[in-house]
Amino acid sequence: QVQLVESGGGLVQAGGSLRLSCAASGRTFSTRTMGWFRQAPGKEREFVAAITWTGSSTGYADSVKGRFTISRDNAKNTVYLQMNRLKPEDTAVYYCAVYRHGTTWSIDQFLYDYWGPGTQVTVSS
């Protein structure tokens, strides 16, 4: 069983930074790829970033590439999303999720088995 809880969201001005954390429980976490998704009002949930269980492979949506960095600390059962140079269009609820495998990653939300409740990120202009 896996349980995820996101934290670190909040209100930030454009150009600022936030660091999201996703704390996980359960033995499965350390061997699974982890992903971050987001959903803005009126929009579909979209892929943001993913990292394999060893951290050897990462992937990013084009919209965040170069600004966001995903990382993980398996000893702490935690995944992070460092968000820099934030833009108003980054405003969304951010979710962390557990991918069904550990050595690859995907942008397909339907291949992720477990989800956290989300944390709100609001970027003001």
Side-chain angles (χ1 to χ4, degrees):
Q1 295 182 343
V2 177
Q3 183 173 315
L4 308 173
V5 179
E6 302 95 340
S7 63
L11 175 65
V12 65
Q13 293 182 345
S17 299
L18 284 175
R19 190 193 195 199
L20 305 183
S21 298
C22 175
S25 62
R27 296 180 182 272
T28 306
F29 170 82
S30 63
T31 60
R32 297 274 206 101
T33 290
M34 299 294 296
W36 285 96
F37 290 77
R38 67 186 183 185
Q39 187 167 25
K43 295 184 178 180
E44 296 182 351
R45 184 173 296 183
E46 65 175 351
F47 171 80
V48 176
I51 184 168
T52 56
W53 75 274
T54 64
S56 62
S57 180
T58 58
Y60 298 92
D62 288 341
S63 59
V64 307
K65 197 171 299 181
R67 298 188 298 120
F68 291 10
T69 302
I70 187 172
S71 62
R72 67 191 298 164
D73 186 339
N74 289 342
K76 296 181 178 180
N77 285 338
T78 302
V79 176
Y80 305 96
L81 185 67
Q82 179 66 47
M83 305 184 295
N84 298 325
R85 304 195 306 280
L86 283 161
K87 304 174 181 179
E89 50 263 45
D90 294 319
T91 295
V93 176
Y94 284 71
Y95 303 88
C96 65
V98 182
Y99 188 55
R100 61 176 57 181
H101 302 299
T103 58
T104 60
W105 57 270
S106 173
I107 67 171
D108 187 351
Q109 64 176 326
F110 298 107
L111 299 181
Y112 290 76
D113 294 322
Y114 304 99
W115 296 81
T119 185
Q120 176 71 49
V121 172
T122 303
V123 184
S124 62
S125 60

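Positions are given from 1, in the same order as the sequence printed here. The basis for the numbers below is simple: all heavy atoms, side chains too, and nothing from hydrogens, waters or symmetry mates.
Under the rule for a side-chain contact (heavy atoms from CB on, under 4.5 Å), the partners of R100 that lie at least two apart in sequence or sit in another chain are L111, D113. With sequence neighbours left out, the side-chain contact (heavy atoms from CB on, under 4.5 Å) criterion links E89 to K87. Shown here are the side-chain hydrogen bond (donor to acceptor under 3.5 Å, both in side chains) partners of R67, two or more places apart in sequence or in another chain: D90. Every side-chain contact (heavy atoms from CB on, under 4.5 Å) that Q82 has, sequence neighbours left out, goes to S17, R19, T69, N84. Scanning for side-chain contact (heavy atoms from CB on, under 4.5 Å) contacts around S56 gives T52, T54, with sequence neighbours left out. Residues satisfying the ring-ring contact (aromatic ring centres under 6.0 Å, His included) criterion with W36, sequence neighbours excluded, are absent altogether.
Rounding to the nearest 0.5 Å gives a distance of 12.0 Å between SG of C96 and OH of Y80.
Contact check for R72 versus T78: no side-chain heavy atoms found under the 4.5 Å cut-off. Counting heavy atoms from C-beta on, the side chains of W105 and I107 come closer than 4.5 Å.
For the residue pair R32/Y99, the side-chain donor-acceptor check at 3.5 Å is not satisfied.
One hydrophobic cluster holds both Y60 and M34 under the rule that ILVMFWY side chains link at heavy-atom gaps under 4.5 Å. Hydrophobic clustering of Ile, Leu, Val, Met, Phe, Trp and Tyr side chains at less than 4.5 Å, counting indirect connections, keeps F37 apart from M83. Grouping the Ile, Leu, Val, Met, Phe, Trp and Tyr side chains by contacts below 4.5 angstrom, directly or via other members, places L86 with V64.
Side chain of Y112 to backbone of T33: no donor-acceptor contact under 3.5 angstrom is found. A donor-acceptor pair is defined here as one N or O able to donate and one able to accept, closer than 3.5 Å; such a pair exists between the side chain of E6 and the backbone of G118. Judged purely by atom type and a 3.5 angstrom limit, T91 uses its side chain to pair as donor or acceptor with the backbone of V123.
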* Would L81 and R38 count as a side-chain contact (heavy atoms from CB on, under 4.5 Å) if you check the C-alpha gap in whole Å, the side-chain angles of each, and the deciding distance to 0.1 Å? -> CA-CA 12 Å; L81 185 67; R38 67 186 183 185; over 6 Å; no
* **Full working for side-chain contact (heavy atoms from CB on, under 4.5 Å) between L4 and Y95** => CA-CA 9 Å; L4 308 173; Y95 303 88; over 6 Å; no
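In this structure, F68 and Y94 have tilted ring planes: the angle between them lies in the 30° to 60° band.
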